[in-house]
Amino acid sequence: TQYGQLELIETQTVTSGTSVDFTNIKEDIYNVHYVTWNNLDNDNSSGTPSLHTRLYESGVLETASVYQYARQIGRDNGTFAEQKSTGNSAISLTLGIGNATNSKTGGYQYIYNAGDSSKYTFTTYHTYAPATTSDSGFTFGSAVLPQTSTVDGFSYTFLGADFTSGTISLYGIKEYS
């Protein structure tokens with residue numbers, strides 16, 4: 001094994017459901033996780049839902065308004081904006097995904113310190129999402145769960161819409177010990 005190498009933990013192919021959960025993240029082995037998703041789509045039952053992530057702390061999904069994030073957004077019309085929150089119930093990863101043909105999201109996320117109960121768990125991410133036939137864009141940002149805990153799982157959801165297709169893969173990054 002080479003240090004810095006990605007080691008696949010699990011890939012999930014999504015065809016339905018309100019969330020995709022990774023509950024065996026091997027947080028005792030990996031300090032850094034890498035998640036990538038491709039062609040994720042939803043049923044658009046709540047307008048243009050965006051992809052979010054939440055963290056499991058010792059087996060309990062954290063849904064309180066404790067997540068903090070800041071991100072940059074760039075749209076295909078040439079506009080850019082900053083969004084941030086210091087009290088959100090989930091980490092917002094993408095722009096809202098519209099119901100135009102092939103409106104699917106892709107992106108990646110790094111998650112740090114998940115298994116270390118003495119440190120905050122934080123993340124960085126970069127995503128793409130087509131919101132409508134005339135509005136697409138990217139996001140990049142970072143987020144933190146500002147409390148010390150053992151994070152032992154990750155959950156992905158469209159918050160109010162069901163998944164209809166796509167894949168999500170979770171990797172651990174091998175490090176020198």
- Same hydrophobic cluster for Trp37 and Tyr171, using side-chain heavy-atom links shorter than 4.5 Å among ILVMFWY? no
- Query: Which residues satisfy the side-chain contact (heavy atoms from CB on, under 4.5 Å) test with Thr13, sequence neighbours excluded?
  - Reply: Thr167
- Contacts of Asn88 meeting side-chain contact (heavy atoms from CB on, under 4.5 Å) (sequence neighbours excluded), chain-then-number -> Tyr69, Ser85
- Message: Are Leu145 and Val35 connected into the same hydrophobic cluster when the rule is that any two of I, L, V, M, F, W, Y join if their side-chain heavy atoms are below 4.5 Å apart?
- Response: yes
- Decide yes or no for Ile173 and Leu6: does some side-chain heavy atom of the first lie under 4.5 Å from some side-chain heavy atom of the second? yes
- With Asp162, the side-chain contact (heavy atoms from CB on, under 4.5 Å) member among Val14, Asn42, Thr18: Thr18
For a quick test of your reading: what N or O donor-acceptor pairs under 3.5 Å do the side chains of residues 26-33 make, sequence neighbours left out?
from  : atom 1 : to    : atom 2 : distance (Å)
Tyr30 : OH     : Glu7  : OE1    : 2.4
His33 : NE2    : Ile25 : O      : 2.7

- Query: So do Tyr125 and Thr53 actually touch side chain to side chain, heavy atoms under 4.5 Å?
  - Reply: no
- Message: List the residues meeting side-chain contact (heavy atoms from CB on, under 4.5 Å) with Thr157, not counting sequence neighbours, and say none if there are none.
- Response: Ser19, His52, Leu159
- CG of Asp152 to CG of Asn24, rounded to nearest 0.5 Å, is 9.5 Å
- Co-members of Phe140 in a cluster of I, L, V, M, F, W and Y side chains, linked at under 4.5 Å: Phe80, Phe138
- When rounded to the nearest 0.5 angstrom, what is the spacing between CD in Gln68 and OG in Ser142? 10.5 Å
- For Thr121, enumerate each residue passing the side chain to side chain donor-acceptor pair (under 3.5 Å) test, keeping only those at least two apart in sequence or located in another chain. none
- Message: Holding to side chain to side chain donor-acceptor pair (under 3.5 Å), I want the full list of residues that pass it with Gln12, two or more places apart in sequence or in another chain.
- Response: Glu10
- Note: Arg71 and Leu93 closest approach over all heavy atoms is NH1-C, 3.5 Å
- Item | pair Val20-Phe163: side-chain heavy atoms closer than 4.5 Å | yes
- Task: Rounded to the nearest 0.5 Å, what's the gap from CZ on Phe158 to CG on Asp41? Could you check?
- Result: 7.0 Å
- Message: To the nearest 0.5 Å, what is the distance between CD on Gln5 and CD on Glu175?
- Response: 13.5 Å
Can you give me every donor-acceptor pair (side chain of residues 56-67, partner residue at least two apart or in another chain, under 3.5 Å) with its distance?
from  : atom 1 : to     : atom 2 : distance (Å)
Tyr56 : OH     : Asp21  : OD2    : 3.0
Glu57 : OE1    : Gln147 : NE2    : 3.2
Glu57 : OE2    : Gln147 : NE2    : 3.0
Glu57 : OE2    : Ser149 : OG     : 2.5
Glu62 : OE1    : Gln147 : NE2    : 3.0
Glu62 : OE2    : Ala64  : N      : 3.0
Tyr67 : OH     : Leu55  : N      : 2.9
Tyr67 : OH     : Glu62  : O      : 2.8

- Query: What pairs with Ser169 under side chain to side chain donor-acceptor pair (under 3.5 Å), at least two apart in sequence or on another chain?
  - Reply: Thr11
List, one per line, each side-chain donor-acceptor pair under 3.5 Å for residues 105-119, sequence neighbours excluded.
from   : atom 1 : to     : atom 2 : distance (Å)
Thr105 : OG1    : Tyr128 : O      : 2.6
Gln109 : OE1    : Tyr156 : OH     : 2.5
Gln109 : NE2    : Thr123 : OG1    : 3.0
Asn113 : ND2    : Tyr120 : O      : 3.3
Asp116 : OD1    : Ser118 : N      : 3.0
Asp116 : OD1    : Ser118 : OG     : 2.6

- Query: By side chain to side chain donor-acceptor pair (under 3.5 Å), which residues pair with Thr139, not counting sequence neighbours?
  - Reply: Thr127
- Given the rule that I, L, V, M, F, W and Y join up when any side-chain heavy atoms are under 4.5 Å apart, are Val151 and Val144 in one cluster? no
